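Below is one structure, written out as structure tokens; comments come after it.
Model, not experiment: these values are computed from the prediction.
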Amino acid sequence: MKARIPIVVAALTAAGIVPAAASAAGPPSGPQSGPQSRAGAAGSWQPEAATYGVSQPVDISVKMDDGVVISTEVVYPTDPATGARAAGDFPVLLTQNPYGTGHSDPTTAGDYFVQRGYIYVASAVRGTGASGGQVSWFGQRQGRDGAELVNWAARSLAGSNGEVGLDGCSYLGVDQWYTAAAVGRDSALKAITPFCTDSNFYDDLTANGGIPTPFVAGIAQAEPRGPQDNPATDPQSVTIAQQATGGSRSYDDAYWQSLDAQRLMPQIVANRIPALSEAGWNDLFPGGDLGDYTTAQNAYFHRPLTAPITAGEPVTGRYQAIVGPWTHGENVDGTTLENIRLEWFDTWLKGERTGMADTSTPLHLFENTAKQWVDTAAWPPSPSAQRYCLAGSGTLAKSQSKSASAGSGTLDWAAASTANSLTYTTAPLTGSAVLDGPSDLTVYAASTTTDVELSATLNVVAPDGTVVKQADGVLLGSQRAVDPAQSLYGTGGVLLDPSHPFTQWSRQPVVPGGTTRYDISLLANFTLIPAGDRIQVVVTSQPPANFHFPLMPTPQDQANLAGGTYTVQFGGSTPSVLDVPLASPEQFTASPTDWGPSS
């Protein structure tokens with residue numbers, strides 16, 4: 001939320017992560033032009049005017065089932081003429097915030113909704129602000145706290161009409177998944193809007209390619225600790241210490257699997273909680289909510305959770321996702337996305353016939369370069385893929401000739417990535433194409449050490465030489481094992497998104513001198529590539545400066561990587577290849593709805 005983004009940025013900056021600032025637009029003071037109407041029974045919903053005033057925050061403490069007291073602040077609609085609390089009962093929006101100082105202060109972030117007939121409640125997460133208990137890194141306890149707060153907001157909060165929704169961005173978005181899983185089927189919770197969220201904490205944020213990141217430690221620095229929390233011993237500190245030293249939580253162990261929002265989705269769906277999620281192509285975890293969208297749709301229709309959604313499969317408007325051309329938290333509290341959230345809450349909490357839930361295309365993607373919004377249902381939108389082979393003279397060839405001579409390139413792990421890279425580029429494309437999903441780079445390489453770190457960046461190169469990054473990825477060689485059942489394949493069985501277990505038990509040392517296969521997952525994107533542009537992949541031994549997230553290898557990883565020299569093979573019997581999903585531009589048409597700013 002807007003009032004909290006500076007705190008999030010401060011935490012990420014402390015970890016070496018600097019996202020762009022959030023939108024500075026304040027809450028509107030009158031009628032606003034919202035998204036165009038959805039196709040549905042209603043067909044003409046527009047955001048209502050700011051009818052009410054906003055009260056001063058009211059401090060209320062709420063006791064949890066284990067005796068811990070959670071601090072909340074409540075903001076009520078008021079009569080603009082008198083300043084008194086407005087007559088009648090209202091639905092409640094709840095956000096759970098780990099950042100505030102002494103209080104959560106929801107005033108600025110909640111004003112827009114309060115002015116339109118909602119009570120807004122901000123709680124300080126257990127162990128932060130004025131709340132008791134010890135802080136942890138999400139999990140079931142925070143979910144139970146959320147469920148109890150929902151019950152309190154529905155049954156005990158003065159002025160509540162018994163209908164509750166969850167609102168918030170980043171941490172305040174992610175914790176909505178745990179609450180939605182904990183509330184039970186007949187809860188007062190009617191809808192959630194987990195914005196600025198990812199799908200799988202381990203893969204998306206706390207590790208990349210099996211290598212830990214400083215993310216959790218950075219967030220911990222920004223959390224104001226509660227009166228009962230001890231930062232040296234709280235559960236969150238255990239996670240930070242284990243990641244830094246190579247303990248259990250530096251792997252995708254049972255702890256991280258319990259925090260995987262995708263694994264929670266069957267319970268969330270069973271609890272009948274609709275969800276509208278949002279992320280950005282330039283986010284901390286680009287397109288991070290796509291996994292949430294996929295697993296929610298699959299859980300609703302009893303399909304395998306992580307399977308792709310193919311064209312023609314049934315989908316529901318109860319689970320929708322937006323992915324825009326944004327950084328973390330950008331534009332969330334701008335007019336368009338506030339209006340969209342209001343429409344979502346009006347649909348599920350006020351029973352308004354907005355038509356929003358009637359859509360057959362609940363996935364809303366910004367098509368970069370084309371600069372248009374596209375509504376679809378399938379993810380990835382097209383199963384077609386193009387294979388390019390790494391070849392001599394730095395080329396990416398469309399097919400591998402059996403007579404092509406073998407070759408190799410060398411990378412030195414200790415050298416700076418800017419001067420230590422292998423670059424391969426296609427010929428200019430003869431026709432336009434849309435990059436519409438994740439990609440895979442399969443590298444065959446030999447190493448002088450017992451581990452390998454390989455990073456890849458996927459670029460598009462314009463005729464004038466301008467290079468625009470589309471995606472990147474990294475892999476720790478000892479975590480190269482692939483789980484075919486969880487991996488994504490395109491037409492003809494082409495591997496597009498390798499799934500690595502990243503467990504302690506799947507780890508296998510690299511045999512020095514032996515040629516070994518490594519499958520590097522490159523993040524998803526949705527971009528029009530014009531005819532005449534070229535596709536490029538750059539391979540480095542360590543992530544380049546523009547990698548989407550900093551890494552923090554454990555001491556053991558660094559010892560195993562030190563001094564490594566890698567020989568990357570191409571051609572011959574072990575060709576390294578890039579598999580890219582490419583679709584026809586004619587497959588996509590502009591959405592009639594504005595889902596957010598184009599930059």
Donor + acceptor pair across side chains of Asp167, Tyr120 (<3.5 Å): yes
Chi angles and distances behind the side chain to side chain contact (heavy atoms under 4.5 Å, CB included) call for Arg263, Gln257: CA-CA 8 Å; Arg263 295 178 182 234; Gln257 292 171 24; 3.5 Å; yes
Residues Thr369, Ile529; criterion side chain to side chain contact (heavy atoms under 4.5 Å, CB included); working and verdict: CA-CA 7 Å; Thr369 307; Ile529 306 175; over 6 Å; no
Derivation of the side chain to side chain contact (heavy atoms under 4.5 Å, CB included) call for Glu48 and Glu352: CA-CA 12 Å; Glu48 63 191 79; Glu352 294 189 11; 4.2 Å; yes
Thr197-Ser277 side chain donor-acceptor pair, cut-off 3.5 Å: no
Any donor-acceptor pair under 3.5 Å from Tyr293 side chain to Ala377 backbone: yes
Asn271 versus Gln267, side-chain donor and acceptor atoms under 3.5 Å: yes
Contacts of type side-chain hydrogen bond (donor to acceptor under 3.5 Å, both in side chains), residue Gln140, not counting sequence neighbours: none
Donor-acceptor pair, side chain of Asn282 and main chain of Thr327, under 3.5 angstrom: no
Trace of the side chain to side chain contact (heavy atoms under 4.5 Å, CB included) decision for Trp45 with Met356: CA-CA 9 Å; Trp45 182 93; Met356 191 176 194; over 6 Å; no
Reported CG-to-OG1 distance for the pair Leu205 and Thr213, which is rounded to 0.5 angstrom: 7.0 Å
Closest non-hydrogen atom pair between Asp436 and Pro380, with its separation: O-CB, 3.4 Å
Cation-pi geometry met for Arg341 and Phe195 (6.0 Å, 45°): yes
Any side-chain donor near an acceptor of the partner, Tyr319 and Asp292, under 3.5 Å: no
Interatomic spacing from OG1 in Thr128 to CD in Gln236 - rounded to 0.5 Å: 9.5 Å
Approximate separation, where rounding is to 0.5 Å, of Ile70 CD1 and Trp152 CH2: 11.5 Å
Polar side chain donor-acceptor pair, Asp375 to Ser591, under 3.5 angstrom: yes
Sidechain-backbone polar pair: Asp204 side chain, Ser199 backbone, donor-acceptor under 3.5 Å: yes
Spatial distance of atom CG (Leu290) from atom CD (Gln262) [nearest 0.5 Å]: 10.0 Å
Closest approach of Ser55 to Val74 (non-hydrogen atoms, all atoms of both residues): OG-O, 4.4 Å
Shortest non-hydrogen separation from Gln320 to Trp595 and the atoms involved: OE1-CH2, 4.3 Å
Sidechain N-carboxylate O distance under 4.0 Å for Arg141, Glu148: yes
Value rounded to 0.5 Å, distance of CH2 in Trp177 from CE in Met265: 4.0 Å
Over 12 non-hydrogen atoms of neighbours within 6.0 angstrom of CZ in Arg272: no
Test item: Thr359 side-chain N/O and Thr361 main-chain N/O as donor-acceptor pair under 3.5 Å: yes
Any donor-acceptor N/O pair, Ser187 side chain to Gly184 backbone, under 3.5 Å: no
Modelled atom types, side-chain donor and acceptor of Ser521 and Asp497, under 3.5 Å: yes
Leu166 to Phe345 - nearest heavy-atom pair and separation: O-CZ, 3.4 Å
Residues, nucleotides or ligands: over 12 heavy atoms within 6.0 Å of Asp186 CG: no
Glu278 side chain to Cys196 backbone, donor-acceptor under 3.5 Å: yes
Polar contact flag, side-chain donor to acceptor under 3.5 angstrom, Gln587-Ser584: no
Distance-minimising heavy-atom pair for Ser131 and Val125: CB-O, 3.7 Å
Validation row, ring centre Phe138 to ring centre Tyr171 under 6.0 Å: yes
Side chain to side chain contact (heavy atoms under 4.5 Å, CB included) involving Pro383 - partner list, sequence neighbours excluded: Thr491
Ala378 backbone acceptor or donor facing Glu313 side chain under 3.5 Å: no
Main-chain N/O of Pro304 paired to Asn298 side chain as donor or acceptor, under 3.5 Å: yes
Main-chain N/O of Gln470 paired to Asn525 side chain as donor or acceptor, under 3.5 Å: yes
Check: Trp379 side chain, Thr294 main-chain N or O, donor-acceptor pair, under 3.5 Å: no
Proximity of His548 and Phe285 rings by center, below 6.0 Å: no
Nearest non-hydrogen partners of Ala279 and Trp326, listed with the distance: O-CE3, 3.9 Å
Atom pair CG (Leu435) and CZ (Phe526), whose distance is rounded to the nearest 0.5 Å: 9.5 Å
Given Thr179, Asp145, Thr72, the one that forms side chain to side chain donor-acceptor pair (under 3.5 Å) with Gln96: Thr179
Parallel, tilted or perpendicular, as decided by the 30° and 60° cut-offs, for the rings of Phe201 and Tyr178: parallel
